[in-house]
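What's counted below: heavy atoms across the whole structure, side chains too, no hydrogens, waters or symmetry copies.
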Amino acid sequence: MSGRFHPHLKFVRAGALLMMMAAGLAGCASPDHRAPVEDRSGKVRNLPEPQLPGAARPPAASAASAAAAVAGPAPAPAPLPPGSENAGKPGHYTVKRGDTLYAIGLETGQGYRDIARWNGLENPNLIEVGQVLRVVPPEAAAAVARPVASAGRVETRPLPAAPGLAPTTLPAPAAAPSAAGSALPAPVAGAAARPTTEGEDGIVWSWPAAGPVATPFEENRTKGLAIGGRAGDPVLAAADGRVVYAGSGLRGYGNLVIVKHNNLFLSAYAHNQTLLVKEDQLVRRGQRIAEMGNSDAERVQLHFEIRRQGKPVDPARLLPPR
């Protein structure tokens, strides 16, 4: 029997071989021994390392952080327009689309050159939407909501006389110097004979043209009076003041003159064919400042406005009756 091959041993050896193969396959399938995986491209990649039982997995990146990583750092915010810190404060104006410094001056009752100087603007044509401009003198910014009333007339009264001395009176105040430091020019001949009236704040007003009123005042429509006449008729300053604008830069006004009378009032003279004054020139009531025309208008006329702190008022309430 020892020299012969027993059939039973054949089955035993076969079983042992099968057990060894099963153990080998089980070792290959063990989670602790992952074999390289070959994809179809021929490149070899390794599967992620297994996690030990009880070990915490690292938190997954949020969608926001992933998007931020892809997009890169956020761009810096756009700079705010100049003067934005003063938006809404008294004595300041926020530039809107379509604004010009000339129009802002008319709307606020100031000369555009003054506004440019108060805001350090070298070029009055360079302003941007949202920019906040100072539209009152820096020294008057705190009092813009409560304008200072002009001083009334000074009344002279006798001082109490000392024993043995004759009564004396206070000296009359000296005339205030003009804005340009020079005397005002004399009005044209015959202007003093025109009807005049003393209005608010002591301003003496007279009619700027001799023609009839063609269109009365409507605040939300005309903003002033339309006075008829012929081309070349004289246009006169309605009160003493300083020319703060002379040009054609305001749409709808044609050749325009604006005269500033004091801190409250200015007057505007539009649609002229010829301007006879220049900016910063001092003018007297009744002085000829332009010739009537139809620039930017359908007919020859003088469009005349009076504005109080930039707001149009009815000139007929300040001008004398004819």
Side-chain angles (χ1 to χ4, degrees), residues 75-151 176-182 184 201 203 223 237 239-270 275 277-283 289 296 305-313:
L80 295 175
S84 298
E85 67 278 4
N86 295 318
K89 293 183 180 179
H92 293 80
Y93 178 91
T94 301
V95 178
K96 304 184 296 294
R97 186 175 301 278
D99 276 345
T100 65
L101 208 60
Y102 313 115
I104 294 172
L106 184 61
E107 293 296 324
T108 59
Q110 303 290 357
Y112 80 95
R113 291 182 183 272
D114 296 328
I115 297 176
R117 184 175 68 254
W118 298 335
N119 293 276
L121 302 177
E122 296 182 0
N123 187 344
N125 295 315
L126 295 181
I127 56 176
E128 58 182 289
V129 175
Q131 183 175 357
V132 180
L133 300 173
R134 180 187 296 278
V135 291
V136 296
E139 61 273 11
V144 66
R146 183 175 53 86
V148 179
S150 63
S178 64
S182 59
L184 290 169
D201 204 37
I203 298 178
K223 300 183 180 180
D240 298 349
R242 176 172 63 96
V243 178
V244 295
Y245 181 78
S248 57
L250 274 76
R251 182 180 301 176
Y253 284 86
N255 294 324
L256 172 68
V257 176
I258 300 177
V259 178
K260 187 174 178 65
H261 304 290
N262 57 18
N263 291 334
L264 292 179
F265 286 95
L266 58 75
S267 57
Y269 312 76
L275 303 182
V277 292
K278 57 185 179 181
E279 292 174 5
D280 287 332
Q281 180 177 338
L282 297 176
V283 295
I289 59 175
D296 212 358
E305 296 183 11
I306 296 179
R307 295 197 178 214
R308 187 183 190 278
Q309 290 186 321
K311 182 179 180 180
V313 297

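- Across Val283 and Ala237, no two heavy atoms sit closer than the pair CG2-CB, 4.1 Å.
- Applying the salt bridge (charged side-chain N to carboxylate O under 4.0 Å, His left out) test to Asp114 and every residue at least two apart in sequence or in another chain returns Arg117, Arg242.
- Panel note: side chain Asn119, backbone Leu121; no donor-acceptor pair is recorded below 3.5 Å.
- Counting only heavy atoms from C-beta outward, the side chains of Phe265 and Ile306 approach each other to under 4.5 Å.
- Considering all non-hydrogen atoms of both residues, Val132 and Gly83 come closest at CB-O, 3.0 Å.
- The two residues Val129 and Pro81 have their closest heavy-atom pair at O-CG, 4.0 Å.
- Distance check: Asn262 CG to Ile203 CD1 gives 4.0 Å after rounding to the nearest 0.5 Å.
- Contact record, Lys89 with Glu85: CE-O, 3.5 Å, taken as the closest heavy-atom pair.
- Remark: Tyr269 OH to Glu305 CD distance equals 11.0 Å, nearest 0.5 Å.
- Side-chain contact between Ile289 and Val243: absent, with no pair of heavy atoms (C-beta onward) separated by less than 4.5 Å.
- A heavy-atom distance below 4.5 Å is not found between the side chains of Val277 and Val259.
- When Leu101, Asp99, Thr94 are each tested for a side-chain contact (heavy atoms from CB on, under 4.5 Å) with Leu133, only one passes: Leu101.
- Distance alone, capped at 3.5 Å, places no donor-acceptor pair between the Asn255 side chain and the Ser248 backbone.
- With rounding to the nearest 0.5 angstrom, the CD atom of Glu107 is 4.5 Å from the CZ atom of Arg307.
- Counting only heavy atoms from C-beta outward, the side chains of Thr108 and Ile115 approach each other to under 4.5 Å.
- In terms of heavy atoms, Arg134 sits closest to Trp118 at O-CE3, 3.9 Å.
- Ring pair Tyr245/Tyr102 is tilted by interplanar angle, where 30° to 60° counts as tilted.
- Judged by distance alone, the side chain of Lys260 and the main-chain N or O of Gly241 form no donor-acceptor pair under 3.5 Å.
- In this structure, the side chains of Leu106 and Leu266 come closer than 4.5 Å at one or more pairs of heavy atoms.
- With rounding to the nearest 0.5 angstrom, the CD atom of Glu279 is 9.0 Å from the CD1 atom of Ile258.
- Nearest heavy-atom pair, Asp296 versus Tyr253, reported as atom, atom and distance to 0.1 Å: OD2-N, 3.6 Å.
- With hydrogens and angles disregarded, a donor-acceptor distance shorter than 3.5 Å links the side chain of His261 to the backbone of Asp240.
- Counting heavy atoms of neighbouring residues, nucleotides and ligands inside a 6.0 Å radius, atom CG of Asn263 does not exceed 12 of them.
- Shown here are the side-chain hydrogen bond (donor to acceptor under 3.5 Å, both in side chains) partners of Gln131, two or more places apart in sequence or in another chain: there are none.
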